[in-house]
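Lettering of chains follows the sequences in order, A, B, ..., and the numbering in each one begins at 1. Quick note: numbers below take in every heavy atom, side chains included, and nothing from hydrogens, waters or symmetry partners.
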Amino acid sequence: MRLSNYLLPVTKETPADAQIVSHKLMLRAGLVRQTAAGIYAWLPLGLKVLRNIERIVREEQDKAGAVELLMPTIQSADLWRQSGRFDAYGPEMLRFVDRHDREMLYGPTNEEMITTLFRDAAKSYRDLPRTLYHIQWKFRDEVRPRFGVMRGREFLMKDAYSFDLDEAGLKKSYEAMFVAYLRTFARLGLQAVPVRAPTGPIGGDLSHEFHILADTGESALFYDAAIEDISREELLSADVSTIARLTGLYAMEEEEHAKVADCPVPPERLRTRRGIEVGHIFAFGTKYSAAMGLSVQTKDGGQVHPQMGSYGIGVSRLVGGIIEASHDESGIVWPEGVAPFAVGLINMRADDDKCAAAADSLYAKLNAAGVETLYDDRDERGGAKFATMDLIGLPWQLIVGPKGLERGVVELKNRRTGEREELSAESALARLSA
RNA sequence: CGGGGAGUGGCGCAGCCUGGUAGCGCAUCUGCUUUGGGAGCAGAGGGUCGCAGGUUCGAAUCCUGUCUCCCCGACCA
């Protein structure tokens, strides 16, 4: 993409509304614009990041055997009356009526709908187990939205729902999602700590929250330092044994930690950090299958309500979360895979024919090699281009200038480390295409 | 929802107390000079001050109402 052809409104100054670093950077780097309290428009660069996160989440859901579908954002009140949640949910649910005075709502979650859909489609134990998911916008009318996309009212969420014949099956489905989450967050370049969450009336230990460590997190966590020793490689190839290893290590939210009489972690290994909740998985059994009349026929001719679980990842929140975890004084530092473009190509002198020709040529070759490139071909000074590239945080900057060209080299800069290297255009291409 | 703060060109702000039809920085446009870390000079365009009503000869400024946004607390992917 040529920057001269793009919409990238970056700013030097920070809008007064933004408090935390991710929100400031998202506004400054032209990722989002707020349109109402807790509601954001995604500008081109922000949308690319959102789509990249979505892609990684989707790939790991698919790998875990979950099946994607897409449910609507608008739901009817009647559906929610069946589960009793229409009245129970409270003012956080956005309700309205259509022209025929039918009561509608903008979905804050989809248990009722998925259960109904599955009820009408699955009749036999042979239809189980299944895990279904979608990635869809939700609306929760938070009392006080804040922190940009971290606590918006409208947000993009991946929510998956599992259906199993019995509790043993539910446990397996739960573990499959647990593994998928570990891999997903590792691929996103994040260290996510699974924290046992209170399960409420259902009991058991089948509920975990996944927190990214960041100083601006809304929850305080207490955990065993050994959690930090688990390598990214291990998490990328996580399996059930990884769950056992992780859940064997102490990790609690402040409130729960306060209730623990004898903390099993020796003081020197007990870490206290703040965390951003980016995922939550839990098993709730037959709560919705019973309420919504979902049952399947068993082998011996009986009927059972499937055991269900649900599994959420805050996709839009992750955009902010990743920035909280990965930035410096100059701007965002995107992890590979999440970055909106892999390479930022800078032509230092747009008015110099040789420079322009060399940069144009590199741009064409990068495109041909399938390397997503943002080409700053504007007639701006080099300093302004550097500042823009640092701010938007693309992993690599490829710099073409008259000084280097005289010696037959271009410069490759790593955004994260700041390391610069001079090399031939061919070597640079080969490196970036690898 | 309780408590606090703020609405003035795209962004950041001043002006308001002590009414006299709007100013600064950034950004934008033009020209010249510059060109390896957000250039300099000169010129230009863009707002009628959240909205509604009131007081007044006259309102960004005073009064009333209203809407919106932000912050602190209780709740949440």
- request: Could you tell me whether A/Arg28 contacts a base, only the sugar-phosphate backbone, or nothing, with contacts defined as non-hydrogen atoms closer than 4.0 Å?
  value: base
Spacing between A/Glu253 atom CD and B/A77 atom P, to the nearest angstrom: 10 Å
message: What's the gap between B/G7 and B/C51 when it is taken at their P atoms, as a whole Å value?
response: 14 Å
message: Tell me which nucleotide, if any, is Watson-Crick or G-U wobble paired with B/A44 when both distances must be under 3.5 Å.
response: B/U28
query: What integer number of Å spans the P atoms of B/C29 and B/C63?
result: 42 Å
message: Once you apply a heavy-atom cut-off of 4.0 Å, does A/Met348 come out as touching a base, just sugar-phosphate, or nothing?
response: base
- request: Give the nucleotide from the list B/C75, B/C69, B/G38 with an atom nearest to the side chain of A/Glu218.
  value: B/C75
field: A/Met348 and A/Phe386, any side-chain heavy atoms less than 4.5 Å apart
entry: yes
message: If I take atom CD1 in residue A/Ile399 and atom P in nucleotide B/U35, what distance separates them, rounded to the nearest angstrom?
response: 19 Å
query: With a non-hydrogen cut-off below 4.0 angstrom, is A/Gly404 in contact with a base, only sugar-phosphate, or nothing?
result: base
message: Pairing check on B/A39: which nucleotide meets the Watson-Crick or G-U wobble criteria with it, both distances under 3.5 Å?
response: B/U33
task: With a 3.5 angstrom cut-off on both distances, give the Watson-Crick or G-U wobble partner of B/C62, or none if there isn't one.
output: B/G54
- prompt: Which whole number of Å gives the distance between the C1' atom of B/A44 and that of B/U8?
  reply: 22 Å
- prompt: Between atom CG in A/Asp376 and atom C1' in B/G38, what is the gap in whole Å?
  reply: 12 Å
field: Any A/Lys12 side-chain nitrogen or oxygen under 4.0 Å from OP1 or OP2 of B/A27
entry: yes
statement: Per atom distances to the A/Arg146 side chain, the nearest of B/U35, B/A77, B/G73 is B/G73
- prompt: Is the ring centre of A/Phe155 under 5.5 Å from the base ring centre of B/A77, and are the two planes under 30° apart, so that they stack?
  reply: yes
message: Using the side-chain heavy atoms of A/Val10, tell me which of these nucleotides is nearest: B/G38, B/C69, B/A74.
response: B/G38
query: Between A/Glu142 (CD) and B/G73 (P), how many Å, whole number?
result: 15 Å
query: Which whole number of Å gives the distance between the P atom of B/A6 and that of B/G12?
result: 16 Å
- prompt: Rounded to the nearest Å, what distance is computed from the CZ atom of residue A/Arg378 to the P atom of nucleotide B/A27?
  reply: 12 Å
- prompt: Given the C1' atoms of B/G47 and B/G15, what is the spacing between them in whole Å?
  reply: 14 Å
message: Would A/Arg119 pass as a cation-pi partner of A/Tyr288, given that its NZ or CZ must be under 6.0 Å from the six-membered ring centre and within 45 degrees of the axis?
response: no
- request: For A/Thr388, report the nucleic acid contact type (base, sugar-phosphate, nothing); a contact means any heavy atom under 4.0 Å.
  value: base
- prompt: Looking across every strand, which nucleic acid part, if any, lies under 4.0 Å from A/Asp351 by heavy atom: base, sugar-phosphate, or nothing?
  reply: base
message: Without decimals, in angstroms, what is the distance between A/His23 NE2 and B/C71 C1'?
response: 13 Å
- prompt: Roughly how far apart, to the nearest Å, are B/G19 and B/G2 at atom P?
  reply: 35 Å
C1' gap between B/G36 and B/G50, integer Å: 46 Å
message: I'd like the C1' distance from B/C17 over to B/C1, given in whole Å.
response: 34 Å
- request: Answer with yes or no whether A/Glu380 presents, from its side chain, a donor or acceptor under 3.5 Å of a partner atom in the base of B/G38.
  value: no
- prompt: Touch check for A/Glu209, heavy atoms < 4.0 angstrom, all strands: base, sugar-phosphate only, or nothing?
  reply: nothing
A/Ala37 side-chain proximity, nearest of B/C70, B/G12, B/G38: B/C70
query: Counting side-chain heavy atoms from CB outward, which of B/G36, B/U34, B/A77 is closest to A/Arg381?
result: B/U34
field: Selected nucleotide, minimal atom distance to A/Leu391 side chain, candidates B/G36, B/G38, B/A77
entry: B/G38
Spacing between A/Glu13 atom CD and B/G9 atom P, to the nearest angstrom: 14 Å
field: Most 5' of A/Ala384 and A/Phe210 on RNA chain B, judged by nearest nucleotide
entry: A/Ala384
